[in-house]
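Shown next, in structure tokens, is the structure this report addresses.
Quick caveat: nothing in here was measured; it's all calculated off a predicted structure.
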Amino acid sequence: QVQLVESGGGLVQPGGSLSVSCAVSGSSFSLYNMGWYRQAPGKQRDLVASITNYGRTSYADSVKGRFAISRDNTKNTVYLQMNSLKPEDTAVYYCNAEFISDSSRAYWGQGTQVTVSS
């Protein structure tokens, strides 16, 4: 059983920064590609950033240059550093893990709320 727990969400002013974390337990973290998704009320859940088990990153155009995803395999944790935040970044941010050898083995965290407002 793979468990993902997000933390670090909160309220931040436009232009500010925030970092969210996702702690993974129950399996070998290094065997999973990781991703951050976000979902605003009434909207679909969209991929924000991803990082492979070996560290290759990818970003949605809307956050490119502002967000940075990283992982620490010694701590079984993936991070999302969010800079130059905008009100449209407001959403629940979800952590996702996908087994590198079987994409059907995918898991979700419960989400953490990020609100960007003055």
Is there side-chain contact between [X] and [Y], with at least one heavy-atom pair below 4.5 Å?
X	Y	result
Thr90	Val114	no
Ser30	Asn53	no
Cys95	Val78	yes

Note to self: Considering only residues two or more places apart or on different chains, which pairs with a residue in residues 15-51 satisfy ring-ring contact (aromatic ring centres under 6.0 Å, His included)?
What the structure shows: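 Non-adjacent pairs meeting ring-ring contact (aromatic ring centres under 6.0 Å, His included): Tyr32-Phe99, Tyr37-Trp108.
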Under a 3.5 Å distance rule, please check whether [X] uses its side chain to pair with a backbone N or O of [Y] as donor and acceptor.
X	Y	value
Arg38	Val92	no
Arg45	Tyr94	no
Ser84	Arg66	no

Could you tell me the separation between the [atom1] atom of [X] and the [atom2] atom of [Y], rounded to the nearest 0.5 Å?
X	Y	atom1	atom2	result
Ser58	Asn33	OG	CG	11.5 Å
Arg71	Thr57	CZ	OG1	12.0 Å
Gln1	Ser27	CD	OG	10.0 Å
Glu98	Arg105	CD	CZ	11.5 Å

Notebook entry, point to check: Do the charged groups of Lys86 and Asp89 touch, with an N to O distance under 4.0 Å?
Noted result: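 No.
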Notebook entry, point to check: Looking at residues at least two apart in the chain, or sitting in another chain, which of them share a ring-ring contact (aromatic ring centres under 6.0 Å, His included) with Tyr93?
Noted result: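 For Tyr93 there are no ring-ring contact (aromatic ring centres under 6.0 Å, His included) partners, ignoring immediate neighbours.
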Margin query: So which atom in Ile51 and which in Ser70 form the shortest heavy-atom distance, rounded to 0.1 Å?
Written below: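 It is CD1-CA, 3.9 Å.
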Going by atom type alone, with no hydrogens or angles, which donor-acceptor pairs under 3.5 Å involve a side-chain atom of residues 11-26 and a protein atom two or more places apart or on another chain?
residue, atom, partner, partner atom, Å
Ser17, OG, Asn83, OD1, 2.9

Tell me whether [Y] is reachable from [X] by hopping between hydrophobic residues (I, L, V, M, F, W, Y) whose side-chain heavy atoms are closer than 4.5 Å.
X	Y	value
Tyr107	Ile100	yes
Leu31	Met34	yes
Ile69	Leu4	yes

Check: Does the side chain of Gln110 come under 3.5 Å of the side chain of Glu6 through a donor N or O and an acceptor N or O?
Finding: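 Per modelled atom types, Gln110 and Glu6 side chains form a pair under 3.5 Å.
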Next item on the list: Give a yes-or-no answer on whether the side chains of Gln113 and Thr115 include a donor-acceptor pair shorter than 3.5 Å.
Entry: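 Result is yes, a qualifying pair exists.
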Item checked: Verdict with reasoning, Val48 to Asp46, per side chain to side chain contact (heavy atoms under 4.5 Å, CB included) -> CA-CA 6 Å; Val48 175; Asp46 294 324; 5.7 Å; no
